[in-house]
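Worksheet: the structure to be examined is printed underneath.
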Amino acid sequence: MTRLHQFAFFDEGSKKEIRRTILKAISIPGYQVPFSSREMPIARGWGTGGLQVTLAIIGQEDVLKVIDQGSDESVNAVNIKKLVEKTTGVTITEKTAEATIIQSRHRIPEQTLTEGQVLVLQVPAPEPLRSVEKSERQTKILHAEEEYSGAWLQLFEQIMKYGQTNTGADHPVYVAGRYVMAPSPIPRFDNHKMNHSEALILLGAGREKKIYAVPPYTDVRSLAFEDYPFTVESFATEACHLCGATDTYLDEIIDADKDKVYYQCNDSHHCLERVNGVIEGKGDISYA
Amino acid sequence: MPLDYVHDTQAVFRKVMDCMAQPGKTNSLAKQMCQIDFPIDCYHSTFLTMMTLLDSEATFHIKGNHTSLVQRIAQLTLAKHVEESEADFIIITADLPQASLIDAIQSAKKGSLIDPQLSATIIIETSELSSGQEWLLSGPGIKKEKRVKLAYSQRINQAREEKNKEFPLGIDLVITDQVGKVICLPRTTVISEVSK
C-alpha cells in the first residue's frame, strides 16, 4: 500500500501534544485541560475533538466503533469511521464488546463497557458554567475556587419554573468530588454509566480546545437537590417496537401518514443484537 | 528491527495511559524495548517513555550528572533541558540516592489552581518493580483498593503527600524498571502503608 499520509493523519508532534494533554486530563479528573486543537478535514462542531483524541491514541491493533446518536450508520459516524479507517487501516466494528476504542456523539452504549476499553466522547460545549458566565477567564477562576453556585442556581431556576430540572441532555456532574463537568450531551439516562465505569472515558472538544477525562472507577455524581433527586428519562409504559426492550433509551418516532407514534431503541447495534437473539434483555418478549 | 517512532511510541503511550488511568497497574514495555539498537545511558523503559512524551514543546530535567544522556535526549526529541523547578518532566535515574528523589518532588512545579496542568511528571527508575514493601493504593482509577509492592519509602511518601496536599495541585509519578515494567501514580492516588 502506498501511504499518502502519516499513520492516523496527524504528524507525530500533534500526537505527542494531545497525548500529554490526555495524561494530565486523567490525573486531574473532570478538569478541562486546554490543548491546541488542530484543523481537521471535518468542520469544527462535527466531532473534531473526539476525532483528535481517537487519532492520537489509536494503534494498528485497535478495533474501532463510532456511533452518532446511538447509531453506527448515521452520517457523522460514517464519515469519522471512513477517515480513521483510511488513515490507519484498523478494523472497524459495530459490536460494542469487540471494540477497544468507541468514539461516540450523544450516547454511551447500552451494553456495559469493560476494563481496557476507551470511550471517546465528542463535546460541543465543555464548560458547564458557560451559560452563567461567558468569560473563559472567569469560569477558570470559578473552577479553581470550586465555586459552583452558578451550576446549582441553574437547576434551582428550572425547578422554580417547571417544577423539575429540565436538562434535556448534558446534565452536569460532580467528578471525584472536586470538578463540575459537562458529560457531553448524553441523555440523563446515560449519566449513571459514567459513575464507576470500568472503561476510561476521554472527552474532546475541538472548537473549544479542551480535553478532559473520567478514569475508571471514579465517582461521578449528577447534580441534584435532596428534595429534588436526580431523575432519568422514563419509558416505563413503552417498549421498542423492534426488539421489545423496556430497559433501553428509546427514540420517539412519529409516523405522520398513519398519525401514529412508536418507540424504537436509540442504540441501533444493541437493538439488532437483541432481535438476533445475541443479547437477552430483561424485557424479553415472546413472538409465538 | 529499529525502533519505529510512529507505532512503537503509540504502543508505549497506550500502556502509560492505561497505567495512569488505573494507578498501580503494571504494564510491560518489554516488546518495544527490544527494538532499541543503540546504547543509552538510562533504562530502556525510561528512554521509551521520554521518546513518547517529549518534543520541542516540552521541557525536561535529568537529575544528576548525565551530560551525554541529556544531549542525546535533546538531540532526539528537540525538547529543552531546563532547571528542575521549571521542567514538565523530571527524570530520576536509578543511580541516584533516595534524597535526590525527595529533592525533586519538593522542587517540581505543581501547577496553579487556575492551571493545574502546568505541573511536573516525575519519571523514576527503580531496579525492580513489584519488589519491596507493600503499599495500599486508593482513589480514582482504583476499584476499592489495590496492594502493590514498591521500592518506596515513608519519607518519599511524606514528600509526595506534602506536594499533593492541595488537589488539583500536585505531581504525577511514572515508575519504570530495568525489565520494562511501568506503574503510574497520579496525584489523585492515596498511598498508605499496609498495617501489619
Side-chain angles (χ1 to χ4, degrees), chain A residues 6-8 11-36 56-62 88 100-101 115-116 118 137 140-146 175-179 196 198-202 211 213-220, chain B residues 4-23 25 49 51-58 77-79 88-89 111-121 138-146 164 167-174 184-189:
Chain A
Q6 180 80 352
F7 177 81
D11 57 287
E12 291 307 297
S14 300
K15 286 182 200 166
K16 278 184 182 174
E17 198 241 356
I18 297 170
R19 287 170 183 171
R20 285 194 299 262
T21 309
I22 291 173
L23 292 185
K24 278 285 179 272
I26 294 171
S27 62
I28 315 169
Y31 168 71
Q32 305 161 53
V33 189
F35 81 114
S36 50
I57 66 174
I58 203 163
Q60 288 165 313
E61 329 243 284
D62 276 309
T88 61
T100 53
I101 300 174
E115 225 173 81
V118 182
R137 186 183 288 261
K140 272 184 90 69
I141 293 171
L142 294 176
H143 281 291
E145 294 173 349
E146 206 181 344
V175 181
R178 175 58 178 84
Y179 282 101
H196 286 258
E198 282 187 29
L200 166 66
I201 304 171
L202 299 175
I211 289 174
V214 178
Y217 311 114
T218 299
D219 286 329
V220 178
Chain B
D4 183 327
Y5 288 104
V6 175
H7 300 296
D8 286 332
T9 55
Q10 184 274 336
V12 170
F13 170 71
R14 278 295 279 281
K15 298 265 170 72
V16 174
M17 181 178 88
D18 189 47
C19 287
M20 199 60 95
Q22 296 189 64
K25 181 177 175 182
T49 314
M51 291 306 296
T52 302
L53 298 172
L54 293 180
D55 66 8
S56 57
E57 287 173 31
T77 63
L78 304 177
D88 299 326
F89 293 90
S112 65
L113 283 169
I114 288 180
D115 282 310
Q117 79 279 12
L118 303 178
S119 46
T121 303
S138 63
I142 300 165
K143 193 178 182 177
K144 289 181 190 141
E145 55 186 36
K146 194 178 276 177
N164 292 349
F167 183 80
L169 307 187
I171 47 157
D172 308 309
L173 309 182
V174 178
C184 292
L185 300 168
R187 66 196 72 182
T188 50
T189 307

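Within every chain, numbering begins at 1; the chains are lettered A, B, ... in the order of the sequence lines, protein sequences first and strands thereafter.
- Side-chain contact between A:Arg178 and B:Phe167 is present, with heavy atoms from C-beta onward closer than 4.5 Å.
- Neither the backbone nor the side chain of A:Glu198 has a heavy atom closer than 4.5 Å to any heavy atom of chain B.
- The shortest heavy-atom contact between A:Ser27 and B:Pro186 is CB-CB, 3.6 Å.
- For the atom pair CG of A:Leu23 and SG of B:Cys184, the computed distance is 7.5 Å after rounding to the nearest 0.5 Å.
- Judged by distance alone, the side chain of A:Lys140 and the main-chain N or O of B:Leu113 form no donor-acceptor pair under 3.5 Å.
- Contacts with chain A were tallied for B:Lys143, B:Lys144, B:Met20; B:Lys143 has the most, counting heavy-atom pairs under 4.5 Å.
- Side-chain contact between A:Leu200 and B:Met17 is present, with at least one heavy-atom pair separated by less than 4.5 Å.
- Contact annotation: the side chain of A:Lys24 approaches that of B:Ser119 to within less than 4.5 Å [non-hydrogen atoms, C-beta and beyond].
- Taking the side chain as every heavy atom from C-beta outward, B:Glu57 and A:Arg20 approach each other to under 4.5 Å.
- In this structure, chain A has no heavy atom under 4.5 Å from any part of B:Ala11.
- Of the residues considered (A:Pro34, A:Ala25, A:Gly116), A:Pro34 shows the highest number of contacts with chain B, using heavy-atom pairs under 4.5 Å.
- When B:Asp115, B:Leu185, B:Asp18, B:Thr189 are compared by the number of non-hydrogen pairs under 4.5 Å with chain A, B:Asp115 comes out ahead.
- Under a 4.0 Å N-O distance rule, the pair B:Arg14/A:Asp62 qualifies as a salt bridge.
- The distance from the CE atom of B:Met51 to the NZ atom of A:Lys16 is 5.5 Å, given to the nearest 0.5 Å.
- Inter-residue side-chain proximity for B:Asp55 and A:Glu12 is flagged as unmet; no heavy-atom pair is nearer than 4.5 Å.
- For A:Ile201, no part lies under 4.5 angstrom from a heavy atom of chain B.
- With a 4.5 Å cut-off on non-hydrogen atoms, B:Ile142 touches chain A through its backbone but not through its side chain.
- Proximity to chain B (any heavy atom under 4.5 Å) is shown, for A:Val175, by neither the backbone nor the side chain.
- Under the side-chain hydrogen bond (donor to acceptor under 3.5 Å, both in side chains) criterion, A:Ser14 pairs with A:Asp11, A:Arg38, sequence neighbours left out.
- Of the listed residues (A:Lys15, A:Glu115, A:Glu17), the one with the most heavy-atom contacts under 4.5 Å to chain B is A:Glu115.
- Taking every heavy atom of both residues into account, B:Thr188 and A:Pro29 meet most closely at CG2-CD, 3.6 Å.
- The closest donor-acceptor contact from the side chain of B:Arg187 to the backbone of A:Ile28 lies at 3.5 Å or more, if one exists at all.
- Judged as a ring pair (Phe, Tyr, Trp, His ring centres under 6.0 Å), and not counting sequence neighbours, the contacts of A:Tyr31 are A:Tyr179.
- Only the side chain of A:Leu202 has a heavy atom closer than 4.5 Å to any heavy atom of chain B.
- Within the 4.5 Å cutoff, the side chain of A:Arg19 has no heavy atoms near those of the B:Val16 side chain.
- Between B:Pro140 and A:Ala176, the shortest heavy-atom distance links the atoms CG-CB, 4.2 Å.
- If you measure heavy-atom distances from A:Ile58 to chain B, the contacts under 4.5 Å come from the backbone alone.
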